[in-house]
Amino acid sequence: MELLGLFHYWVFAILLMTGFYAVIAKLNLVKKLIGLTLFQAAVFLLYITMGKVDGGTAPIFPDGTAAGIFSNPLPQVLILTAIVVGISTTALGLGIVVRIKEEYGSIEEDRIQETDRR
Amino acid sequence: MDTVLDILSWFLLVAGGCSVLIGGIGAVRMPDLYTRMHAASVTDSLGSILVIVGVMLQAGLSLAAIKLGAILLFLLLTGPTASNALASAALLAGTRPFAELPEEPEDAR
Amino acid sequence: MTVLFGVFLLSLLVITAIAIVRTENLFVAVMLMGIASLLIAANFFILDAADVALTEAAVGAGISTVLFLSALALTSERERSPTSRKLLSFTVVVVAALVVIYATFDKPRFGDPEAPAQTHVAPWYLEKTPEYIDIPNVVTAVLGSYRAYDTLGEVFVVFTAGVGVLFLLGPGTGAAGQRTGPTDPGAGLRHHLIPRVVGRVLIPFILLFGLYVQFHGEYGPGGGFQAGALIAAAIVLYALLEGERQALRVLPERLLVGLMAGGALLYAGVGIAGMALGGNFLDYSVLAGNPVKGQQLGILLIEAGVGITVTGTLLGIFHAFAARER
Amino acid sequence: MYTIVTLATFVTMGLALVRAVLGPSVYDRVLAVNMFGTKTVLLLSVIAFLFGRPDFLDLALAYALINFIGVLAVLEFFRSRSLRRRAERGATR
């Protein structure tokens, strides 16, 4: 049970590195952005995991008073805004990729560099 | 009265769970796209009805029951529509059903 | 039991993530991202973060898939180049993962109420919210009042990202408009009768639900970010069904830019109004005679500002991508 | 009792994921995503009761309403792709 309590953090590590692998090893720019989104999701999960309290419930008072155990609201606030910011910045990244495709005719990193060298 | 409702809702929940599970197995085991779609969508709607009505009986007359009713309504509206849209897209793109008889004329569509 | 549910969902999430990275078909990767988003939302829900789960649902189920698919339509669906420096990257990633996993052994156990994160400011927020702000949803209270500076910053980041996309893909940039094919991809799914009928039934309900989430955010899960994404999703659905041009006729580009800027200005304006009435920037207590009422009014107004900006930005981004396609 | 339904839904989610990863055609994957969405709605509604917070059904309602958009987006993607391909073929001829 003690080790199972760390499972969430291990998944965070694996997810983080899976996303990172896509960013550094894949040459396709859209795939890199997908990797970045996974990376983001891993960080979101880490924050929310840290806010969980045993036996707690969501920090919305059922009867208007603070009686009972509640999970930590602070990481939830940070991640709530981060999700919407994340999709906006991903859209910005996709916009840049679309423009690169129009200018270079490709979204593969190696071909773009080849075009640049010429 | 409460016991009767409880037993009824448990029965519905278990039946719904089985139905959901069967749909999942069907979606993996069936031989081609259309049969898989059939397995998934039929038990999708049946499973949703059973599970959500089962939960509704537990909720009793409350706001939660109304919300569950809305969820069920929208699931029943969108689920079959999505299946229909997907099947027609697949058919137009040229995926032929597995069980099609060989003597059927090519242009029968 | 929560732990076991979490373990199961997270294992599925890891499988999905690995499949996303392995596949070479980008369309498949986007579909699997949809599954990953559902799994993440379910996980957030199990970890007691109802607000966050609702945000992930509103953003991940509709908008994110639509944006990635329009980007794929404009670029390509397949990865053409092979993976580069595979062994080196793999080694780096595995070593880094092992280091992070080694570091987790020093972390407090999952759900530990004595963990440092739980013992400093969080109890204060939970304890004082009924007294200072008197709304049941502490997440909204922290978002709208205690940490309103943060949220203002995030709203301006969303706004800036939207402006950036409009600069990159807006009218008059690059090769847009030169590709005039014989077909009309802007027509949407007009000829698909059944989806169209059902979709048209759904749109008002999504809008209604969006407004409910916006104004019920003080009492249940919800708020401006979620509502903005939901309302944007409803309009995107309209654009998919009736064609993107028809949607632009209903909500013209100018109006969307106005919404983007207007929401952020409303937010900042509430802060300045607080200063004008003798308080600090974004201190709502002075907005009404009773400080608690003032806080509630301030949160209502800034949540509206957030909702307006998010709706405008997401729709502006969607139209910028869709306009490239035709 | 909720636990049984939750477990059945979990297993079905796993099976849908198998279908999504295996494919083989893109339509199979769309089907799997759609199925996954419905299962998530059921899971969230049941878990809301299992945890004793039925006021959180909003989340399941949100998914029930907007899961549809994803499927329509895919449909529109296929449609515009086939139009584009036809136009390209016409141009090269």
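Chain letters run A, B, ... following the sequence lines, proteins first and then strands; every chain starts at 1.
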Answer with side chain, backbone, both or neither: which region of [X] has an atom nearer than 4.5 Å to a non-hydrogen atom of chain A?
X        : result
C:Arg78  : backbone
C:Ala229 : neither
C:Phe68  : both
C:Ile20  : both
C:Val158 : both
C:Leu72  : side chain
C:Val7   : both
C:Phe318 : neither
C:Val121 : side chain
C:Pro221 : both
C:Val310 : side chain

Contact check, side chains of C:Val142 and A:Leu74, non-hydrogen atoms, under 4.5 Å: yes
Pairing of A:Glu114 and A:Arg111 as salt bridge, 4.0 angstrom limit: no
Test side chain to side chain contact (heavy atoms under 4.5 Å, CB included) applied to C:Leu9 and C:Phe45, step by step: CA-CA 11 Å; C:Leu9 286 176; C:Phe45 188 64; over 6 Å; no
Chain C interface, residue from A:Leu29, A:Asp110, A:Val97, A:Ile14 that has the most non-hydrogen pairs under 4.5 Å: A:Asp110
Trace of the side chain to side chain contact (heavy atoms under 4.5 Å, CB included) decision for A:Val53 with A:Phe70: CA-CA 7 Å; A:Val53 177; A:Phe70 294 98; over 6 Å; no
Parallel, tilted or perpendicular, as decided by the 30° and 60° cut-offs, for the rings of C:Tyr219 and C:His216: tilted
Any side-chain donor near an acceptor of the partner, A:Tyr104 and A:Asp116, under 3.5 Å: yes
